[in-house]
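Worksheet: one structure, shown below.
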Amino acid sequence: MRVNIGESSNPETMPPSMLVSAAYDGASKKALLKFYDPKSKGLYLWWDETGHKPYCYSKLSPEELGHLESRSDILDISRVEKHSLADDCTMAVSKITAGDPLAIGGKPYGSDTERSVRDIIETWESDIKYYETYLYDRRIVVGRYYKAQAGELEPVDIEISDEVSLALKSLLWDKVDSGSMVDEEGFRKCISDWADLLNQPIPEIKRLSVDIEVESVEGRLPDSKIADNTVTAIGLAGTDGFGRVLVLRTPGTPEGANELGPDIKVEFYEPDCEAQMIRDAFEIMESYPFILTYNGDDFDLPYLHNRAMRLGIKNEDSPLHMLKDSATLKRGIHIDLYKTMSNRSFQIYAFGQKYTDFSLNSVSVALLGKQKIDYGLKFDEMSLYQTANYCYHDALLTYELTSFGDGILMNLLVTISRIGRMPIDDIARLGVSQWIRSLLYYEHRVRNCLIPRRDDLAKRTKEVTADAVIKDKKYRGGLVVEPQSGVHFDVVVMDFASLYPSIIKVRNLSYETVRCPHPECRKNSIPQTKHWSCSKRNGITSMIIGSLRDLRVNYYKSLSRKETLTEVQRQQYTAVSQALKVILNASYGVMGADIFPLYFLPAAEATTAIGRHTILETIKKCKDAGVDVLYGDTDSLFVKSPTAEQVQYMIDEAKKDHGVDLEIDKEYRYCVLSNRKKNYLGVSKSGKVDVKGLTGKKSHTPPFIRKLFADILEVLAGVQSPEEFEQAKDVVSKMIQECGKKIENLEIPLDEMAFSMMLSKAPSEYTKTQPQHIRAARQLDGIRELKRGDRISFVKTIGKPGVRPLETARKGEIDTTKYAEFLESTIEQVTSTMDMDFDVILKKPKQAGLDQFFWG
DNA sequence: GCGGACTGCTTACCT
DNA sequence: ACAGGTAAGCAGTCCGCG
């Protein structure tokens, strides 16, 4: 991120403040750090005072690089020593130092003396943003506290005042198991450094959310680049209950009645005062260190900025600074929550897949239990106060996404930025592969290791990629055990704690250790592959992922069980634990993702291969011990009525043979397995029901079927013994029959009958086939514009297209047969394995064609 | 010309 | 712009058939 503020002098003193973001200030050509002071709730800006400059490396000698010397933007070329992890050697490289980051990269056009160095010669470390390089080189960590005294910046650790923390540190000390570590001491140090950083207090963050409404011309979305439509309202919601709406009067629009509470101030502007309204909004925004939006990178902020320019506001009077694909603040920090909520890692691991699409409404419903305001009116039909209420409400929802659940989202962002060594706004905007990239780059710099180029790594994988591959996949993944179909009572689910990270640690897997250059390591082979791993050096990813794993498994898991925690500590440990989970879950995946700069297939392949080997060997051990394995998926085993001794035996053997921690995850009173993998139902001893993979729970299934399914589960949850099952079956049969009748009699409201599906691309991009949900979407042409990522609701109808969007559907055209079939197949997933034969009731005999015979 | 078998596309889920 | 493994429904195609 590049801003243009220009040189300002750094503060003489700064109270302990947390580093939250960084940027490159093009005007002063310096790195710019942004610190947050928890006391004043304001920001301190700090420009580099060390003379640090952008640079990259080349393997050419300074003589061979002589042609660069003449460039005015190249300041220096010198010889330095760097370690190459992949070659396990030290080498001399040329460090090319420049006056401006654009001299290193980002200017691919022009003559050889104008283009960036990385576009002229082969370079290393030239694709790192300058402010990142700056942070790494100075070992400045986002999320740490710093203070300034007499103009000197220095880190301060906030005292962790509780004795619990110290006591648990000794716990951590004992629990570190070195395994085959070459440098055990270093590993311990590494973990305790992490704990020190992650236990630093997370401050209360002062923030303001912003949402705008823009006058729109019939059917055309306002363009944030052109910004030629009037901004009609600006909603603002901030910490400490701050709420304000700025509303532009438009001729002919009634004022209406104020529905907003007394604390929410509504300010009206005359039609010709739009510029003043925007100026006032800017002024409020500038008084907050953090600005939140929902899709503000793509819409709200660029629109505001460009509209301001169009209305004659000067660039220097706008607090905003637009970049290619993000909107930033010159002084503050902008967090676009739309990007955050769309991040699969947050969606799945932090929020347990509670929402399935990323609209503000869906996310709010799932996480806050609140909806957007719906007056059932078009924007141009709303009164001024209605617009105000609507606009403020959106801002409020956006704000509340960061405040619900004790502010877990802000805490997560801070914690992940500590781990990734990355500005908080980047954490909120970028994907997990970028977080892990940043973390690993930092560690390379700490160790003075040259970061490899993609083709350095690609060269080492060339000879092994041609192997037999799975269709559409690059390598084989986890093992899924064929389930033993039936109802099983007393089932224990065991799983390996963080299996893949454990494997990465124990088997020393990293891009430089898998297929390392040492001939003597080749005997350390990886089962089922042609790979081996190093026995001489600890791999860098193995060290880092391994210590994060140990931190989570040995430290934060026990911490969260402590009962003497204060509320603040509990919140902090929850955030750390979740953040570690998110990063660990992705750590193996990125090694096999070709967008990841340290992409190295053999390492990913080795991880899953050892995973399969581990679970297979454990199953063998079960058989030896007389334990029946009913099912298993990747890192879990469902075992039937094991004794405590048998469980302990398995745990001990897994640790002894594979160095992994097998644990009891769940104990089911009973468990319904079908012959399908990744499909089951388990009832815990507490009566809690786990449903996995069954259609009755999937988000595209019509609500009335999902409800019936939930009702059935409730009945099943009460079943204590095989005998009670028989009664439950009767109850369930009746429920299903009733539902069948309702379908036939068209007694179900249309919206309950709608299938709902996500469009993974724009409707026009479906060229190979035309799936049902797309046929429905096309019928909405001119009524509602559908984009990629939107969901479409449709019902199944008789006649030609077979589907109709919910908006235009009528009950009379519902295809009851299709619904009966879908109901039958959905319910059958549970009932078939429970020996409930519903065929008699529901299934339509092939030869019969009429509904009335079928339901009779 | 039609229907079953088959493949491929698409979405949603599990770990 | 983390991975692979699996289920399900449907679209489209191929093949056989007096």
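None of the values given here were measured: they were computed from a predicted structure. Per chain, numbering begins at 1; letters A, B, ... match sequence-line order.
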Subject >> N or O in side chain of A/Tyr349 less than 4.0 angstrom from B/dC14 OP1/OP2 >> reply: no

Original post:
Are the ring centres of A/Trp435 and A/Tyr441 closer than 6.0 Å?
Top reply: no

Original post:
Using the ring of each side chain (for Trp, its six-membered ring), is A/Tyr511 parallel, tilted or perpendicular to A/His444, with breaks at 30° and 60°?
Top reply: parallel

Original post:
Starting at NZ of A/Lys692 and ending at P of C/dA8, how long is that distance when rounded to a whole Å?
Top reply: 17 Å

Original post:
For A/Arg676 and B/dC13, is the shortest distance between a side-chain N/O and OP1 or OP2 below 4.0 Å?
Top reply: no

**OP:** Would you mind telling me which of C/dA8, C/dG4, B/dT10 lies closest to the side-chain atoms of A/Lys473?
**Re:** C/dG4

Original post:
Taking OP1 and OP2 of B/dT7, is either one under 4.0 Å from a side-chain nitrogen or oxygen of A/Lys471?
Top reply: no

**OP:** Measure from the side chain of A/Val480, starting at C-beta and using heavy atoms only, and say which of B/dC14, C/dT6, B/dT10 lies closest.
**Re:** C/dT6

Subject >> Residue A/Lys677, side-chain atoms from C-beta onward, closest of B/dC13, C/dT6, B/dC14 >> reply: C/dT6

Original post:
Where the side chain of A/Tyr475 is concerned, which of B/dT15, C/dA3, C/dA11 is the nearest nucleotide?
Top reply: C/dA3

Original post:
Given C/dA11, is OP1 or OP2 found less than 4.0 Å from the side-chain N or O atoms of A/Thr769?
Top reply: no

Original post:
Can you find a side chain N or O atom of A/Ser433 that sits less than 4.0 Å from OP1 or OP2 on C/dA1?
Top reply: no

**OP:** For atom CZ of A/Arg454, decide whether the heavy atoms of other residues, nucleotides or ligands shown that lie under 6.0 angstrom number more than 12.
**Re:** yes

Original post:
Which of parallel (below 30°), tilted (30 to 60°) and perpendicular (above 60°) describes A/Tyr766 and A/His773?
Top reply: perpendicular

**OP:** Indicate whether OP1 or OP2 belonging to B/dC14 is found under 4.0 Å from a side-chain N or O atom of A/Tyr631.
**Re:** no

Original post:
Does C/dG9 have OP1 or OP2 sitting under 4.0 Å from an N or O in the side chain of A/Ser825?
Top reply: yes

